[in-house]
Each structure stands twice: as structure tokens, then as C-alpha cells.
Amino acid sequence: MQGLGAEHLDSAERTPRQRPWRPQIYRKCTDTAWLFLFFLFWTGLVFIMGYSVAAGAAGRLLFGYDSFGNVCGKKNSPVEGAPLSGQDMTQKKHVFFMNSCNLGVRGVRLGSIVLCVSSCPEEQLDTLEEVQLFANTSGSFLCVYNLNSFNYTQIPNADLLCPRLPVPPSKSFPLFNRCIPQTPECYSLFASVLINDVDSLHRILSGIMSGRDTVLGLCILAFALSLAMMFTFRFITTLLVHIFIALIVLGLLFVCGVLWWLYYDYTNDLSIELDTERENMKCLLGFAIVSTVITAVLLILIYVLRKRIKLTVELLQVTNKAISSSPFLLFQPLWTFTILIFFWVLWVAVLLSLGTAGAAQVIEGGQVEYKPFSGIRYMWWYHLIGLIWTSEFILACQQMTVAGTVVTCYFNRNKSDPPDRPILSSLSILFCYHQGTVVKGSFLITAVRIPRAVLMYVYNTLKEKDGALSRCVSQCCCCCFWCLDKCLRHLNQNAYTTTAINGTDFCTSAKDALKLLSKNSSHFTSVNCFGDFIIFLGKVLVVCFTVFGGLMAFNYHRVLQVWAIPLLLVAFFAYLVAHSFLSVFETVLDALFLCFAVDLETNDGSSEKPYFMDHEFLNFVKRINKLNTRAQRDKSSLTSEEGTELRPL
């Protein structure tokens with residue numbers, strides 16, 4: 001017996017004790033090694049920034065340069081072997097492309113000669129006489145520098161040294177002083193060649209250029225609808241949810257009907273002759289099929305989950321009560337979006353500076369091109385990883401801030417006296433203790449997104465070849481990485497909330513959150529999921545109304561542009577804006593669910609251990625438990641009846 005007792009004692013000692021939950025009692029710096037690693041990584045990024053400034057001719061990037069190595073608007077030094085280099089261009093600040101409507105790419109450089117001019121031609125020039133008159137009146141010479149304006153119409157080969165006729169009207173871009181053609185076709189071809197993808201972007205840019213006012217108006221509409229949807233969720237009621245779902249159903253059916261009607265109208269239109277109209281018809285068919293499938297799936301889900309509407313409204317009202325204690329949470333996406341825009345602009349500027357880092361090399365005709373330095377390609381890849389990791393870090397900081405604010409307000413005993421400045425308190429805790437945890441979580445997302453991006457590149461490369469098996473394998477791998485990305489994002493959110501509660505590192509927080517949620521998943525997981533589904537329907541409603549407005553606006557100009565792709569871009573922008581504003585509700589909802597599970601784990605509702613949740617939340621939980629108990633009782637009675645019928649006599 002003593003041996004058995006000793007063995008039992010040894011086994012009990014070897015069994016690890018469950019880690020106690022200590023809401024906001026203990027803090028320490030977590031995942032400091034990852035924070036140091038991120039600091040080293042950003043040291044490399046700062047080195048790349050400095051290198052791009054030192055070696056990457058910022059003047060050529062900002063002011064532009066001609067085909068002979070002269071920076072426009074500057075006094076230049078001569079390049080050996082290039083007779084037209086080293087000129088004083090202080091009065092010639094604009095970059096002019098001689099064949100802006102007929103650009104071509106030869107290897108890695110433009111086929112058109114580029115000049116520095118004093119002003120851009122704002123009217124179309126049809127003959128060399130008009131080009132000569134423009135040079136004499138404005139002092140802006142559009143032909144090669146060594147050709148005098150008096151010889152524009154006299155030398156036989158002047159057409160080779162002057163711009164190709166007709167010269168389209170152009171206007172200088174406000175920041176970079178490039179003469180941009182103003183006609184839609186020339187603009188689309190000009191821009192698509194400059195970014196080195198003529199075939200796929202020519203018609204898209206043409207449609208965006210010709211319908212830029214419509215695209216801008218639709219983006220503003222999407223922004224206004226997202227704000228309206230955010231305030232709708234802020235003051236939600238049961239009647240409002242029913243109206244909201246009715247609008248969703250009508251909007252989905254209406255958009256599907258309009259798409260199929262437009263496709264039928266295109267197929268029966270005998271006057272369709274242009275390629276743009278045929279491409280619109282093909283895109284309309286794809287839009288109609290995809291929207292029909294999405295509509296069918298969403299309608300089925302709405303019908304299945306219709307009985308949870310009342311409880312979902314109560315859950316969203318509880319969420320709004322948590323937000324009301326710190327209403328500035330609703331503006332968190334604006335600050336995050338502003339920081340992301342600043343970082344993306346800086347990233348693009350460094351990338352373009354790296355692209356201009358090179359040594360001058362003289363080619364045929366006395367022209368100058370810049371050969372990139374060795375190692376630039378590796379810097380590009382490092383710079384790309386920095387883009388993904390830092391962007392995910394900024395988004396994770398927002399999630400951690402929102403979760404910390406919810407935790408601070410939830411675990412407050414005196415509900416009548418809410419804590420002062422909970423957002424600032426959450427930010428201070430994040431930057432003082434838990435930056436390493438956010439770095440580690442964002443690195444996991446980066447480690448999944450980089451292989452996914454590589455596989456997407458491989459898939460697009462193999463799409464033009466006959467390797468059907470290879471394309472199928474790469475697409476399956478992309479789908480697996482997409483699913484892994486979604487699971488990791490949900491895991492990260494729960495880990496950030498647990499870190500805000502317990503002050504533990506990332507792996508410990510993720511493990512504790514997973515155990516706790518699996519233990520308490522029976523309480524109101526279905527209602528929580530339906531709450532997320534209602535928020536997703538809000539995003540769908542914004543996209544539906546934006547797409548409907550785009551269909552009505554673009555359909556009046558069906559001959560002038562390929563509007564299907566711009567409409568798809570507008571729909572993507574509408575969903576992105578709606579997701580940015582409504583994601584706060586999702587984060588607060590998930591954080592509340594985890595706080596509730598911790599509250600059940602640490603307290604029992606007695607006078608010694610009262611719950612942190614308020615009476616409204618407690619009554620909501622009791623109703624959920626009552627419904628779950630009734631459902632389990634009905635299920636058990638049904639099983640018992642079936643067992644009685646099948647029991648042998």
C-alpha cells in the first residue's frame with residue numbers, strides 16, 4: 001500500500017498543474033528574442049533605405065531623365081561616349097516621350113526616345129509645321145537636341161528625329177513632371193508599357209482612364225456606405241436586423257437579376273462589333289455565374305440560421321455596450337489605415353530608388369542606360385519580406401490594442417466607474433511588454449503568405465503552358481496555404497487576447513486559449529458565429545449597393561471602355577473599406593467570448609468569487625444555456641425514442 005501511495009504521489013508530481021488564469025495581475029516582457037530579431041531585420045531595411053538613397057539616383061526618380069543621361073531640371077555632368085549628355089537642363093523640367101502613343105519595350109528599356117522639354121504640348125500637333133510653330137512660340141523643342149527648330153521641315157529624315165505624328169495633347173503630372181497623354185487610348189498604352197505589361201493592362205487602364213470620375217464616385221459611395229453600416233451596427237435592434245437581412249436578400253437577388261439581364265441584352269444586341277463589348281459580355285457572364293452561386297449559398301445560410309436572430313441582436317448589443325465604454329475604438333481602423341498608407345508610400349519610394357541604382361552605360365546612337373548593380377535583386381526580395389512582415393505587424397498591433405481595451409473594460413469590478421483612457425492604457429501595455437508577441441504572431445502570417453505568393457506566381461506562369469497536373473497541384477497548395485492563413489489569423493487573435501489577460505508569451509497564450517475555448521465551446525459558439533455572419537452580411541450589403549451603382553453608371557458607356565475589370569476593382573475596394581470599418585466589431589466579439597470563458601474558469605458567481613460580467617451579459621448567458629439545455633434534452637429524448645423502437649424484444 002505504501003508503494004502504491006508513493007507511486008501515486010510520484011505520478012501526481014509528474015503531472016503538470018494547470019496554469020492559473022490571472023486577469024491583469026501579472027505582467028512581464030514576452031517574446032523578447034523575437035523583438036530583437038525584428039529589430040535586426042529592420043536594421044537591414046534601414047540599410048537598404050540608406051543604400052537606395054546613396055546609390056539610387058533620387059534625382060532621376062523624382063525629376064526624370066532623357067535618353068542621353070541628362071536629369072531634367074538640373075545641370076548635368078557629361079557621360080563619356082555620349083555627345084548629347086552633360087547639358088544644362090535647368091529650364092527644361094518636363095519629361096517628354098517622343099512616341100507616347102506608340103511606346104515599345106526593347107529588352108529592358110523603352111523603344112521611344114525621351115527628351116527634356118520646357119513645357120508639354122497641351123493641344124494636338126498634326127504636322128511638323130505645327131511642331132515647329134510650337135517650338136518657336138513656347139520655346140519647347142520636341143525634336144532631338146542637335147536638330148535646330150528651323151530644320152524641322154527641311155531635313156528629309158526629320159521625321160526620325162521628331163515625335164511621331166500626330167502628337168497627342170499632354171499634361172504634366174503634378175509631382176514627377178512627366179508629360180502624360182490625355183486621350184484614353186494613348187494614356188492606357190503609355191502607362192501599361194511603363195510598367196512593362198502591355199497586353200494585360202492596356203484595356204484595363206483605358207477603362208479606368210475613361211471612367212475615372214465614375215470609379216472615384218463609386219469609391220466615395222463605398223466609403224459612405226461603410227460608415228453608415230458601422231453606425232447601423234452601433235445602434236442595432238431586432239427590427240433593424242430584419243430590415244437589414246431583407247435588404248441583403250433583395251440586394252443579392254437584384255444584382256443577380258441585373259447581371260443576367262445585361263448579359264441577355266448584350267447577347268441580343270446585333271450592333272456589337274468592338275472587342276471591348278465582347279470582353280464586357282464575357283466578364284458579365286462570369287460575374288452573373290459567381291454572384292448567383294454566392295447568392296444561393298448566402299440565402300441557404302440565412303434560412304438555416306434564422307432562429308438565432310434575436311440572440312444575435314442581444315450579443316451585438318452587449319458588444320456595443322463594451323464599445324460604448326471606449327467609443328474611440330471605432331476610429332482605430334482610420335489610424336491603422338493612415339500608418340499603413342505612410343509605410344506603403346515609403347516602401348514604394350525605396351523600391352523605386354533601388355530600381356534606379358545603377359551605373360551609366362553608353363549604347364548605340366549615343367544613348368545612355370543604367371545597368372543595375374549586383375545584389376539589387378536580393379535586396380528586392382528582402383524588401384518584399386519587409387513589406388509583408390511590417391504590414392502584418394501594424395495590423396496585429398491594432399488587434400492587440402482592441403483586445404487589450406476590451407479586456408481592461410471587462411475585468412473591471414466597478415461597472416459604474418469605467419477605467420480612464422483604456423485605449424491609451426492598452427497601447428502602453430503593448431509597447432512596454434508585448435511587442436515581441438505581436439512580432440511573433442505577424443511572422444507566422446508572413447511565413448505562410450510568402451510561399452503562397454510564390455505558388456501563385458508559379459501557377460500564373462504554368463497557366464500559359466500545358467502542365468495541367470502541375471497547375472492543379474500548385475492550385476491545391478495555394479488553397480491549403482489560404483486555409484492555414486485563415487486558421488492562423490483566428491489563432492493569433494485569441495493569443496493576443498490571452499496575452500492581454502494573462503501576460504504570457506505567444507505560444508503559451510495560444511495553447512491556453514485553444515484549451516479554454518474547446519472546453520467552453522458549448523455556451524454560445526453558434527451565436528458568436530452567427531454574429532460574425534451578420535457582420536459579414538454588412539460587408540456584402542456595401543459591395544452589393546456599390547456594384548449596382550457601378551452597373552448602372554458603366555452601362556451607359558459600354559462602347560467606350562472595358563468596364564468589367566474596373567467594376568471588379570471597385571467591388572474589391574468596397575469590400576476592403578467595409579472590412580476595415582466592421583472588423584472592430586469582429587475583434588471585440590471574439591475578445592468578449594474569450595473574456596467570458598476566462599470569467600467562467602476563474603469565478604463561480606458566489607459572493608467570494610463573483611463574475612466580472614455585468615447583469616445584462618449574465619442574463620444573456622443564462623438564456624443561451626437554457627436554450628442549449630433544451631436542445632440537448634430534445635435530442636436525448638429523440639435518441640431514447642429511436643432506441644426504444646429498435647430495441648429487440
Side-chain angles (χ1 to χ4, degrees), residues 21-25 27 230 233-234 236 312 314-333 335-336 395-431 433-434 437-438 441 489-504 509-510 512-513 516-517 520 523-525 527-528 531-532 535 580-603 611-618 620-621:
W21 287 87
R22 301 161 298 183
Q24 296 187 303
I25 295 177
R27 292 286 172 196
M230 184 180 68
F233 279 105
R234 182 68 181 84
I236 198 164
T312 303
E314 295 182 13
L315 180 61
L316 290 176
Q317 288 175 347
V318 171
T319 304
N320 286 322
K321 188 173 182 180
I323 294 176
S324 63
S325 59
S326 53
F328 285 102
L329 274 181
L330 297 176
F331 297 99
Q332 280 298 114
W335 319 136
T336 305
L395 293 173
C397 285
Q398 175 188 329
Q399 293 178 338
M400 189 78 168
T401 302
V402 175
T405 304
V406 173
V407 168
T408 302
C409 296
Y410 186 94
F411 292 104
N412 177 35
R413 286 293 183 189
N414 190 1
K415 300 299 181 182
S416 60
D417 185 18
D420 296 331
R421 297 181 291 275
I423 298 179
L424 294 178
S425 174
S426 178
L427 278 173
S428 64
I429 291 174
L430 167 63
F431 286 109
Y433 297 103
H434 304 310
T437 300
V438 175
R489 288 184 184 277
H490 186 67
L491 178 67
N492 283 3
Q493 176 60 53
N494 292 326
Y496 298 151
T497 307
T498 305
T499 300
I501 296 173
N502 230 17
T504 51
S509 300
D512 291 346
L516 189 63
L517 291 177
N520 296 277
H523 287 282
F524 58 94
T525 305
V527 181
N528 187 20
D532 291 336
I535 296 173
S580 300
F581 280 98
L582 299 181
S583 61
V584 175
F585 291 93
E586 293 178 338
T587 306
V588 172
L589 199 59
D590 294 336
L592 273 178
F593 182 33
L594 189 57
C595 290
F596 161 74
V598 173
D599 200 3
L600 289 183
E601 186 73 15
T602 56
N603 302 300
Y611 290 125
F612 280 98
M613 67 184 84
D614 55 11
H615 293 290
E616 183 179 354
F617 198 4
L618 184 60
F620 170 72
V621 171

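Model, not experiment: these values are computed from the prediction.
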Which residues satisfy the side-chain hydrogen bond (donor to acceptor under 3.5 Å, both in side chains) test with Asn494, sequence neighbours excluded?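 With sequence neighbours excluded, Asn494 shows a side-chain hydrogen bond (donor to acceptor under 3.5 Å, both in side chains) to His490, given in chain and number order.
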
Specify the closest pair of heavy atoms between [X] and [Y], including all atoms of both residues, with the distance to one decimal.
{"X": "Phe596", "Y": "Tyr410", "answer": "CA-OH, 3.5 Å"}
{"X": "Gln332", "Y": "Val402", "answer": "CG-CG2, 4.4 Å"}
{"X": "Thr437", "Y": "Tyr496", "answer": "O-CE2, 4.0 Å"}
{"X": "Pro333", "Y": "Phe581", "answer": "CG-CA, 4.3 Å"}
{"X": "Leu430", "Y": "Met400", "answer": "CD1-CG, 3.6 Å"}
{"X": "Val407", "Y": "Ala500", "answer": "CG1-O, 3.9 Å"}

So, the side chain of Ser426 versus the backbone of Pro422: is there a donor-acceptor pair under 3.5 Å, distance only?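 A pair under 3.5 Å: no.
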
For Thr504 and Ser509, which I'm curious about, is there any donor-acceptor pair between the side chains at under 3.5 Å?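 Ser509 and Thr504 do have a side-chain donor-acceptor pair below 3.5 Å.
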
Roughly how far, to the nearest 0.5 Å, is [atom2] of [Y] from [atom1] of [X]?
{"X": "Ile429", "Y": "Leu424", "atom1": "CD1", "atom2": "CG", "value": "11.5 Å"}
{"X": "Ile423", "Y": "Ser428", "atom1": "CD1", "atom2": "OG", "value": "12.0 Å"}
{"X": "Thr587", "Y": "Leu592", "atom1": "OG1", "atom2": "CG", "value": "11.0 Å"}

Taking side-chain contact (heavy atoms from CB on, under 4.5 Å) as the criterion, tell me which of Ile501, Asp512, Asn502 meets it with Val598.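 Answer after filtering Ile501, Asp512, Asn502: Ile501.
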
Answer whether the closest heavy-atom distance between the side chains of Gln398 and Trp335 falls below 4.5 Å.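 Side chain of Gln398 against side chain of Trp335, heavy atoms only: no contact under 4.5 Å found.
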
So, do Leu594 and Thr498 sit near enough that their side-chain heavy atoms are less than 4.5 Å apart?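 Of all side-chain heavy-atom pairs linking Thr498 with Leu594, at least one is under 4.5 Å.
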
